[in-house]
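Report on the structure given below.
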Amino acid sequence: MENTALEQEVNRQLAVLRRGTAEIISERELGEKIRVSLRTGKPMRVKLGADPSAPDLHLGHTVVLGKLRQFQDLGHQVVFIIGDYTARIGDPSGRSKTRPPLSGEQIDCNARTYFEQVYRILDPQRTEVRYNGEWLSVLSFEEIIRLASRFTIQQILERDDFSKRYHAQVPIFVHEFFYPLMQSYDSVAVEADVELGGTDQKFNFLLARELQVQHGQAAQVALMMPILAGLDGVQKMSKSLDNYIGIAESPVDMYGKCMSIPDGIMGQYYTLLTDVPETEIADIQRRIVEGTLHPMAAKKRLALLVTERFHGSTEAAAAQANFEAVFSRRVSTASADIAYEDVPLPGDLSGQPDVGVVDLLFMVGAAASKSELRRLVQQGGIEVNGERIADIGFRVSLRDLPLRMRVGKKRFLSVNRE
RNA sequence: GGGUAGGUGGCCGAGCGGUUAAUGGCGGCAGACUGUAAAUCUGUUGGCGAUGCCUACGGGGGUUCGAAUCCCUCCCUGCCCA
């Protein structure tokens, strides 16, 4: 009787946690850990390591964070590790290049901005934050050597990114080999029951399991989420590739960026970023193939759901309306129902009757250089109050403000008096 | 330590004394079209007070009327040997 209820709960938790995962090593062990946790009333310790070099969170990060949140909702404890010490090395994960190391101040500052964002998803009450410098900085050289002696170069070279670089004859520095060791040692230090991350972390997770066993602990369960593709649909979402959707972005940009993903990765986005049931997602995909559901309609719903998650339904609906006005109905800048970015008229222009388009746009910060703006004009990418400007010498009258301008496809400016 | 091949624009990669701001590809941007900031096609892609000027081919120095291209020197990387 007791036992049946327990097993039901174990299965319920497993079902929740399984959704969207790429791999769990192993599911049986996870079930066992949940069972023990329920019996003893001791929550599982679920580890996530974060690299403090990229303080702007994007949707790619939310895939793993969302999964952590599910653990919390099931009563478990998240152990969030800031890799301050690791950041001084430069994580080679998924990279073809060595990362530059970070300074202490940068790391602190990054960590602060990081948590402002992380707590939009995680429950601070069930989150324990640790810096790995706490235990890594006190290791003696002898201890480090001993740690390193447990693994072989060949094992480390098994790692995909290392072996790629090795075969491509791209330099791999010796210190980079320590990254997996440090991360694994983190698991030992915090006695992790489960570790979460992307599939690119698999090697590190497995290494941690071995190291924990060597230290007399039970091996952690490794739970890997798929890597979210970026806007290009091919590479992983990342800031450095500039193919990301930031969680702090405006509703309009968030919606628009969602609409710019290739049709082919919609399914992935649905599973990893929304809570639409998996059966329904399969149904959506089937109907697109059949031709009974327009891909654009499916994508609009996705964009709406994602935007709602971070901005609420009112803002999301407004973003959708704006998108339809600008891109479906192609409303010109003469219209008022477009989301404009307000910019003040530069001070030294007040009193002037008119100004050259290029100069005005430059002063207002619409582009990095005047050459770029000239190019935009010549290519027909500039519109002022609904009129496309073709001449780079065009002078804009400053008599009637606000001035509505379109710069390129997606920037809309409204120049106002201060 | 020895030998050898290299370091070119956001990235990859040609050029090897003179129309070379530097072929090409990727990426970016714009336009057309459309089903969306999808797809496809076309154009464009260092900066500026602009028929010219400035900056740029790892750093510094030199040869020359003229260098990314030749010489010296320093720094960095791959590969082979020890």
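Everything quoted here is computed from the prediction, not taken from an experiment. Here is the naming used below: chain letters follow the sequence lines, and residue numbers restart at 1 for every chain.
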Next on the checklist: Base, sugar-phosphate or nothing for A:Lys299? Non-hydrogen atoms, less than 4.0 Å.
Outcome noted: base

Checklist entry - Rounded to whole angstrom units, what separation is found between the CG atom of A:Leu241 and the P atom of B:G28? => result 10 Å

Checklist entry - Could you state the CD1-C1' distance from A:Ile382 to B:G31, rounded to the nearest angstrom? => result 13 Å

Checklist entry - Pick the nucleotide of RNA chain B nearest each of A:Tyr255 and A:Arg375; which residue has the one closer to the 5' end? => result A:Tyr255

Checklist entry - Under 3.5 Å, is there a donor-acceptor pair linking the side chains of A:Ser140 and A:Glu143? => result yes

Checklist entry - Distance check: side-chain N/O of A:Lys410 vs OP1/OP2 of B:C29, anything under 4.0 Å? => result yes

Next on the checklist: Say we look at B:U42 and B:G46: how far apart would their C1' atoms be, to the nearest angstrom?
Outcome noted: 24 Å

Next on the checklist: What is the distance, to the nearest angstrom, from the CD1 atom on A:Ile392 to the P atom on B:G49?
Outcome noted: 11 Å

Checklist entry - At under 4.0 Å, does any side-chain N or O of A:Arg329 touch on OP1 or OP2 of B:U34? => result no

Checklist entry - What is the nucleic acid contact for A:Lys300, judged by heavy atoms within less than 4.0 Å: base, sugar-phosphate only, or nothing? => result nothing

Next on the checklist: Need one value for A:Arg411: base, sugar-phosphate or nothing, where a base atom within 4.0 Å counts as base even if backbone is also close, heavy atoms only.
Outcome noted: nothing

Checklist entry - Separation of A:Met254 atom CE from B:A37 atom P, in whole Å? => result 19 Å

Next on the checklist: What is the distance, to the nearest angstrom, from the CZ atom on A:Phe323 to the P atom on B:A38?
Outcome noted: 8 Å

Checklist entry - Is A:Ser328 near enough to B:U36 that one of its side-chain N or O atoms lies under 4.0 angstrom from OP1 or OP2? => result yes

Item to check | Contact under 4.0 Å: A:Arg388 side-chain N or O vs B:A32 OP1/OP2 | outcome: yes

Next on the checklist: Side-chain N or O of A:Ser371 versus OP1/OP2 of B:C48: is the shortest distance under 4.0 Å?
Outcome noted: yes

Checklist entry - Looking only at atom P, what distance separates B:G9 and B:A22, rounded to whole Å? => result 16 Å

Checklist entry - For A:Ser369 and B:G47, is the shortest distance between a side-chain N/O and OP1 or OP2 below 4.0 Å? => result yes

Item to check | Watson-Crick or G-U counterpart of B:U51, or none if no pair lies under 3.5 Å | outcome: none

Checklist entry - Are any of the side-chain nitrogens in A:Arg150 or A:Glu210 under 4.0 Å away from the carboxylate oxygens of its partner? => result no

Next on the checklist: I'd like to know if the side chain of A:Gln212 pairs up with that of A:Glu191 as donor and acceptor (distance under 3.5 Å, no hydrogens or angles considered).
Outcome noted: no

Item to check | Whichever of A:Glu372 and A:Cys258 has its nearest RNA chain B nucleotide further upstream toward 5' | outcome: A:Cys258

Checklist entry - Can you check side chain to side chain contact (heavy atoms under 4.5 Å, CB included) on A:Leu228 and A:His61, steps first, answer last? => result CA-CA 9 Å; A:Leu228 187 73; A:His61 299 110; over 6 Å; no

Checklist entry - Any donor-acceptor pair under 3.5 Å joining the side chain of A:Asp242 to the base of B:G28? => result no

Next on the checklist: Any side-chain N or O of A:Lys257 below 4.0 angstrom from OP1/OP2 of B:U36?
Outcome noted: no

Checklist entry - Checking all strands, does A:Val358 fall into the base, sugar-phosphate, or nothing category for heavy-atom contacts under 4.0 angstrom? => result nothing

Item to check | Spacing between A:Asn243 atom CG and B:A38 atom C1', to the nearest angstrom | outcome: 16 Å

Checklist entry - Does any N or O donor sit under 3.5 Å from an N or O acceptor when you compare the side chain of A:Gln379 with the base of B:G43? => result yes

Checklist entry - Could you give the CG-to-P distance, from A:Asp232 to B:G10, as a whole number of Å? => result 20 Å

Next on the checklist: Output the rounded distance in Å from NE2 (A:His294) to P (B:U36).
Outcome noted: 7 Å

Next on the checklist: Under 4.0 Å, heavy atoms only, any strand: does A:Gly256 hit a base, just the sugar-phosphate, or nothing?
Outcome noted: base

Checklist entry - What is the nucleic acid contact for A:Pro262, judged by heavy atoms within less than 4.0 Å: base, sugar-phosphate only, or nothing? => result sugar-phosphate

Checklist outcome for this item: In short, A:Arg19 meets A:Thr271 closest at the heavy-atom pair NH1-O, 3.0 Å

Checklist entry - Is the NZ or CZ atom of A:Arg165 positioned over A:Phe162's six-membered ring, under 6.0 angstrom from the centre and within 45° of the axis? => result no

Item to check | Geometric cation-pi criterion, A:Lys239 with A:Tyr244: 6.0 Å, 45° | outcome: no

Item to check | Strand partner of B:C65, provided both Watson-Crick or wobble distances fall under 3.5 Å | outcome: B:G18

